[in-house]
Amino acid sequence: MSNPNDIPPAPAAPSDFIRDIVAAHVSEHRYPRIHTRFPPEPNGYLHIGHAKSICLNFGIAREFGGICNLRMDDTNPTKEDIEYVESIQADVNWLISGWAEDRLGLKQHSKVPEEKTAEGKKDFFMPPVFGTSEAERKHSDVKLEPFYASDYFDQIYECAVTLIRKGKAFVCDMTPDQTDEYRRLGKASPFRDRGVEENLDLFTRMKNGEFSDGARVLRAKIIVDAPNIWLRDPLIYRIKHADHHQTGGKWCIYPMYDFAHCISDYIEGITHSICTLEFEVHRPLYDWILEGLDLPRPLPHQYEFARLSLGYTVMSKRKLMQLVQEKLVTGWDDPRMPTISGIRRRGVTPVALRNFAYNIGITKYNGITDVSVLEFAMREDLNKRALRRLAVLRPIKVVITNYPGDKVEELNAVNNPENPVSGGRKIPFSRELFIERDDFQEVPPPKFFRLKPGGEVRLKYAYIIKCEAVIKDAAGHVTELRCTADLDSKTGGATSARKVKGTIHWVSAAHAVDAEVRLYDRLFTVPEPDAGGDFKQHLNPHSLEVITAKCEPSLKDASPDERYQFERLAYFALDYDSKPGKLVFNRTITLKDAWAKEAQKI
RNA sequence: UGCCCGAUGGUGUAACGGUAGCACAACAGACUCUGAAUCUGUUUGUCAUGGUUCAAAUCCAUGUCGGGCAACCA
C-alpha cells in the first residue's frame with residue numbers, strides 16, 4: 001500500500017516553452033505522432049540532471065500520446081562501457097515505472113533499420129516497440145533493448161558517402177593542431193577541394209583501416225569562415241582503432257556526435273529532439289546535415305533547455321567520476337551522490353523525483369535550484385507513504401521506578417496518521433526504556449518542552465512520566481534517568497486527556513533491536529562547490545555518520561520496498577547492505593526541525 | 001576576441017501589449033500524543049537608460065551583467 005512506485009494523483013501537466021511548441025505542432029497535425037528520445041552517452045551514471053531530461057522527454061510523450069525512445073549515444077567507444085549501458089537502463093526504468101513506462105520506445109534485439117525507397121529517395125527507418133511494462137518485457141520471448149546509435153553505423157557511413165558524392169564532405173589530412181588553427185582563423189583546408197573520387201577512395205581506405213588514428217578525418221564542407229564555428233567545415237568522422245562495446249572490432253572509424261545524432265534522430269522518426277543549451281550553436285549543423293542528405297520523411301528539429309544546477313552539489317560526469325575513483329564516496333550509488341542510483345539508494349521515491357522535475361520547470365535560464373525544493377519534494381511524498389516507527393538514535397536509559405520490573409504491556413501505535421488504511425501495530429512497554437539523549441536537558445533553555453529534572457513529558461502511545469533523579473558517572477555524564485509514570489495517563493486511559501507540552505519517542509530496552517543507521521548530510525559545505533578552485537576542498541567531512549540505533553521490534557521485518565519515518569527524527573529506507581539479523585538504514589531526509597531553529601536563536 | 005543565448009522577490013518559475021501570480025525558503029500565529037504534517041497570515045520582484053503605445057515584465061534600440069560554444073568528447 002505504500003509501495004514507492006505507487007502513482008499519486010498526477011499533478012496537472014506542466015506548461016513550458018517546449019511543451020507549448022509541441023502543443024502547437026499537435027494542433028496543426030504537423031506529425032502523425034510526437035516522438036522524443038532520451039539519448040545518454042553510456043560513459044557514466046545518470047544523475048538528477050538527466051532525471052530532469054527524462055521527465056521532460058517522457059512527460060511530453062505521455063501528455064501528447066507520443067513515444068520516447070531510449071537511445072545509447074555510443075559513438076565514442078574509448079569512453080564508454082557496458083556497465084553504464086546497464087545502469088542507465090535500470091535508472092530510466094525505475095524513474096518512469098508506473099508513470100510513463102508504456103511510452104518507452106525500445107527495439108527488438110539485433111534488429112536493424114528498415115531500408116526502403118520513398119519518393120524515389122532511399123530511406124532508413126527504425127520503428128519502436130512500445131506499450132510494454134518492465135514486467136512484461138522480462139517474461140517475453142522477444143528480447144527488447146534500447147536503441148543504439150551504433151546500430152546505425154552502416155547507415156551513417158552511407159550518409160557520409162552520400163555527402164561526399166554531393167561534394168558536401170571531404171577527407172582532410174591536416175593534423176589536429178593544424179585543423180584547430182585553420183578553423184580558428186577561418187582558413188580553408190588545403191584538402192578542401194579534393195575530387196569526389198579521391199575522397200571516396202580515401203574514406204573507404206579510412207574505413208578499411210589503412211590509416212592510423214588521427215591521420216585523416218572526414219569533414220563537412222560548409223563555410224570556412226562562418227561566424228558560428230560549428231559551421232567551419234566541422235569534423236564528422238574520425239579514425240579510432242578501438243573496440244566498441246556493441247560493434248566489437250567491426251569499425252575503426254566512428255562518426256562524431258553532430259553527424260551521428262541528427263541521423264539517428266531521423267532514422268528513429270524523432271520529431272522533437274530536445275537537448276541542453278550548450279548544443280544551441282550546433283543546431284545549424286544539425287539542420288545542415290539532414291537537409292544536405294535530401295531525405296524523404298519530415299525532419300526532426302532540435303530544441304534546447306537549461307540543464308539543472310543544484311545547490312551544494314556537483315553535476316558534471318567528470319567530477320562525479322573523480323569522487324568515485326578517488327574513493328571520496330563509496331561508489332556511483334553512494335546515497336550522497338546526485339546520481340539517480342544514489343538518490344534511489346538513499347530512499348527517495350521516483351514520485352518525489354518526478355514532482356521535483358515538475359516543480360523546477362523548463363526554461364533557457366541557467367539558474368541554481370535551491371536544494372530545499374528537492375528536499376520538499378522528498379518529504380512531501382514520504383510523509384504520505386512512510387510507516388511511522390519509534391527508534392532512538394542516541395539512547396539514554398530511563399527507568400520507570402513505579403513500574404513493575406516483570407510487566408510488559410503491548411501498546412497500540414498508528415502506522416501512518418496521513419493514511420488511515422495503513423492500520424496499526426503493537427509496541428512493547430516495560431520498566432526500562434531508551435529515550436533520545438537530545439530529549440533530556442539538565443539545564444533546559446527557555447521553551448524546552450521535553451524532559452528536564454522535575455519536569456513531565458508524554459511518552460508517545462504510553463504514559464506521562466516525570467523526571468525524579470539524574471544519575472551521572474564519575475565524569476559527570478548523565479547515564480540514566482529515574483522517572484515515575486502517571487499510571488492513569490496511558491494513551492486511551494482514564495486521564496489520558498491530561499496535557500503536557502511535550503511528547504517524545506522511546507523504545508523498551510529489553511525489546512529493542514539494534515540497527516546500523518547511516519546518517520547522510522549534503523556532500524559539500526558550500527552552495528556552489530564548483531564555482532572556482534578545487535571542488536573537493538568543499539567536501540563536507542561530516543556527510544556520513546554511522547551509528548547504532550535502538551529500534552522498536554517491528555522493524556525487524558523492515559522491507560526494502562517500504563519507507564519509514566522514525567518519529568520526530570527523519571525518513572529512512574532499508575539499505576541493500578542489510579542482511580537477516582543485521583538491519584542497515586539510510587537516512588533519506590530529516591523531518592523539518594523547528595526546535596533546532598528555535599534553539600539556535602537562544 | 002568572435003558567434004549564440006539569457007535576465008521577473010532570497011531561490012526556481014507564470015503572466016504571450018491590459019490586475020505582476022505560483023512553489024520553495026523565511027517570518028508570525030492556530031492546532032498538535034511527531035517542535036512533523038495541516039491551517040491562517042506576512043515580508044520581499046520585472047537588470048539599466050531611452051523609445052513606440054491610451055497602456056510595456058512583454059515590442060524596438062543601446063548598455064550592463066550572467067551563461068554557452070571555439071575537443072579527432074557528448
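Computed from a predicted structure; not experimentally measured. Chain letters run A, B, ... following the sequence lines, proteins first, then strands; residues in each count from 1.
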Visitor: In whole Å, what is the span from the CZ atom of A:Phe170 to the P atom of B:C72?
Guide: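 From A:Phe170 CZ to B:C72 P: 13 Å.
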Visitor: Side chain of A:Asn76, heavy atoms from C-beta onward: which of B:C72, B:U34, B:C73 has the nearest atom to it?
Guide: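 So the nucleotide nearest the side chain must be B:C73.
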Visitor: Nearest to the side chain of A:Lys501 - B:G68, B:C73, B:U32?
Guide: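 Of the options given, the side chain of A:Lys501 lies nearest B:U32.
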Visitor: Quick check with a 6.0 Å cut-off and a 45 degree axis cone: is A:Arg389 positioned over the face of A:Tyr564's six-membered ring?
Guide: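 No, cation not above the ring by the 6.0 Å, 45° rule.
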Visitor: Can you tell me whether the side chain of A:Gln565 and the base of B:U34 have a donor-acceptor pair closer than 3.5 Å?
Guide: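 Pair found.
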Visitor: Is there a side-chain contact between A:Thr75 and the phosphate of B:A74, meaning an N or O under 4.0 Å from OP1 or OP2?
Guide: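 Answer yes for this pair, as a side-chain N or O of A:Thr75 is under 4.0 Å from OP1 or OP2.
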Visitor: Expressed as a whole number of Å, how far does the C1' atom of B:A74 sit from that of B:A37?
Guide: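 Result for the C1' pair: 44 Å, nearest Å.
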Visitor: Going by ring centres under 5.5 Å and near-parallel planes (under 30°), is A:Trp595 stacked on B:G35?
Guide: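 Here A:Trp595 meets both the 5.5 Å and the 30° conditions.
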Visitor: Measuring centre to centre across the rings, with the benzene-like ring taken for any Trp, is A:Phe153 within less than 6.0 Å of A:His244?
Guide: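 Distance test on ring centres: under 6.0 Å, yes.
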Visitor: In this structure, is the centre-to-centre distance between the rings of A:Phe279 and A:Tyr286 below 6.0 Å?
Guide: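 Judged by ring-centre distance (under 6.0 Å), A:Tyr286 and A:Phe279 do not meet the cut-off.
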Visitor: Among the nucleotides B:C72, B:C24, B:C33, which one has an atom lying closest to any side-chain atom of A:Lys499?
Guide: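 For A:Lys499, the side-chain atoms sit closest to B:C33.
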Visitor: Taking the P atom of each, how far is B:A56 from B:C16, in whole Å?
Guide: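 After rounding to an integer number of Å, I get 15 Å for this pair.
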Visitor: From C-beta outward on A:Arg450, which listed nucleotide comes closest to its side chain: B:G35, B:A71, B:A26?
Guide: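 The answer is B:G35.
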Visitor: If you assign each of A:Pro39 and A:Ala462 to its closest nucleotide in RNA chain B, which residue comes earlier from the 5' end?
Guide: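 Its nucleotide being nearer the 5' end, the pick is A:Ala462.
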Visitor: When the P atoms of B:G10 and B:A48 are considered, how many whole Å apart are they?
Guide: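 Here B:G10 and B:A48 have their P atoms 13 Å from each other.
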Visitor: My understanding is that only one of A:Leu218, A:Leu163, A:Ile164, A:Thr204 makes a side chain to side chain contact (heavy atoms under 4.5 Å, CB included) with A:Asn199; could you say which?
Guide: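 Exactly one candidate clears the test, A:Ile164.
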Visitor: Could you check how far CD of A:Glu380 sits from P of B:A23, rounded to whole Å?
Guide: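 So the CD-P distance, A:Glu380 to B:A23, works out to 12 Å.
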Visitor: Of the candidate nucleotides B:A71, B:C33, B:C72, which contains the atom at the shortest distance from the side chain of A:Val217?
Guide: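 Given the options B:A71, B:C33, B:C72, the side chain of A:Val217 is closest to B:C72.
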Visitor: Between B:U34 and B:U43, how far apart are the two P atoms, rounded to whole Å?
Guide: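 31 Å, rounded to whole Å.
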Visitor: Using a 4.0 Å heavy-atom cut-off across all strands, classify A:Gly214 as base, sugar-phosphate, or nothing.
Guide: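 Since a base atom lies under 4.0 Å of A:Gly214, the category is base.
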Visitor: When you get a sec, tell me which of B:C72, B:C5, B:A36 is the closest nucleotide to the side chain of A:Met256?
Guide: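 Selected nucleotide (nearest to the side chain): B:C72.
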Visitor: Using atom P of each nucleotide, how far apart are B:A20 and B:C60 to the nearest Å?
Guide: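 It works out to 23 Å between them.
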Visitor: Rounded to whole Å, please give me the gap between NE2 in A:His282 and P in B:C69.
Guide: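 Roughly 8 Å, once rounded to whole Å.
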Visitor: Rounded to the nearest Å, what distance is computed from the CG atom of residue A:Asn359 to the P atom of nucleotide B:U13?
Guide: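 For the pair A:Asn359 CG and B:U13 P, the rounded distance is 12 Å.
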Visitor: For the P atoms, the ones on B:A23 and on B:C39, what distance do you get once it is rounded to whole angstrom?
Guide: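 Per the computed distance, 11 Å lies between those P atoms.
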Visitor: What is the distance from CG of A:Asp73 to P of B:C73, rounded to the nearest Å?
Guide: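 Those two atoms, CG and P, are 14 Å apart.
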Visitor: In whole Å, what separates the P atom of B:C27 from that of B:G68?
Guide: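 One P to the other, the span is 33 Å.
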Visitor: Tell me whether the OP1 or OP2 atom of B:C73 has a side-chain N or O from A:Arg238 closer than 4.0 Å.
Guide: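 Yes, because at least one side-chain N or O of A:Arg238 sits under 4.0 Å from OP1 or OP2 of B:C73.
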Visitor: B:A57 pairs with which nucleotide, Watson-Crick or G-U wobble, both distances below 3.5 Å?
Guide: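 Answer to the pairing question: none, since B:A57 forms no Watson-Crick or G-U pair.
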Visitor: Using Watson-Crick or G-U wobble geometry with both distances under 3.5 Å, which nucleotide pairs with B:C39?
Guide: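 Because both required distances fall under 3.5 Å, B:C39 counts as paired with B:G29.
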Visitor: Have A:Arg37 and A:His261 got a donor and an acceptor in their side chains that come within less than 3.5 Å?
Guide: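 Side-chain D/A pair, A:Arg37 to A:His261: present.
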Visitor: Take the protein atom CG of A:Asp20 and the nucleotide atom P of B:C16, then report the distance between them rounded to whole Å.
Guide: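 Interatomic distance, CG of A:Asp20 to P of B:C16: 11 Å.
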Visitor: Ignoring the backbone of A:Pro176, work out which of B:G67, B:C72, B:G35 is nearest its side chain.
Guide: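 The nucleotide sitting nearest to the side chain is B:C72.
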Visitor: A:Ile223 has an atom CD1; how far is it from atom C1' of B:G2, in whole Å?
Guide: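 Between C1' of B:G2 and CD1 of A:Ile223: 15 Å.
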Visitor: For B:U34, does OP1 or OP2 lie under 4.0 Å from any side-chain N or O of A:Thr503?
Guide: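 No, no such contact exists.
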Visitor: With a 4.0 Å cutoff (strictly under), does any side-chain N or O of A:Lys240 reach OP1 or OP2 of B:C73?
Guide: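 Checking A:Lys240 against B:C73: at least one side-chain N or O falls below 4.0 Å of OP1 or OP2.
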Visitor: What integer distance in Å separates A:Trp506:CH2 from B:C33:P?
Guide: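 Value for this atom pair: 18 Å.
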Visitor: What integer number of Å spans the P atoms of B:U11 and B:U46?
Guide: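 About 13 Å, rounded to a whole number of Å.
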Visitor: When you measure from the side chain of A:Arg563 to the backbone of A:Leu382, do you find a donor-acceptor pair of N or O atoms at a distance under 3.5 Å?
Guide: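 No; zero donor-acceptor contacts below 3.5 Å.
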Visitor: Does a donor on one side chain and an acceptor on the other come within less than 3.5 Å for A:Thr175 and A:Asp177?
Guide: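 There is no such pair (donor and acceptor under 3.5 Å, judged by atom type) between the side chains of A:Thr175 and A:Asp177.
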Visitor: So, do A:Ile267 and A:Phe147 sit near enough that their side-chain heavy atoms are less than 4.5 Å apart?
Guide: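 A:Ile267 does not reach A:Phe147 side chain to side chain.
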Visitor: Does B:C22 have a Watson-Crick or wobble partner in any strand here, with both distances under 3.5 angstrom, and which is it?
Guide: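 Pair assignment: B:C22 / B:G12.
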Visitor: Partner lookup for B:C65, please. Criteria are Watson-Crick or G-U wobble with both distances under 3.5 angstrom; report none if nothing qualifies.
Guide: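 Paired with B:C65, as far as the under-3.5 Å criterion goes, is B:G6.
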Visitor: Hey, which sits more toward the 5' end of RNA chain B by its nearest nucleotide, A:Phe376 or A:Arg568?
Guide: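 Whichever sits nearer the 5' end wins; that is A:Phe376.
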Visitor: Looking at A:Lys597, does any N or O in its side chain come under 4.0 Å of the phosphate oxygens OP1/OP2 on B:A26?
Guide: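 Yes, because at least one side-chain N or O of A:Lys597 sits under 4.0 Å from OP1 or OP2 of B:A26.
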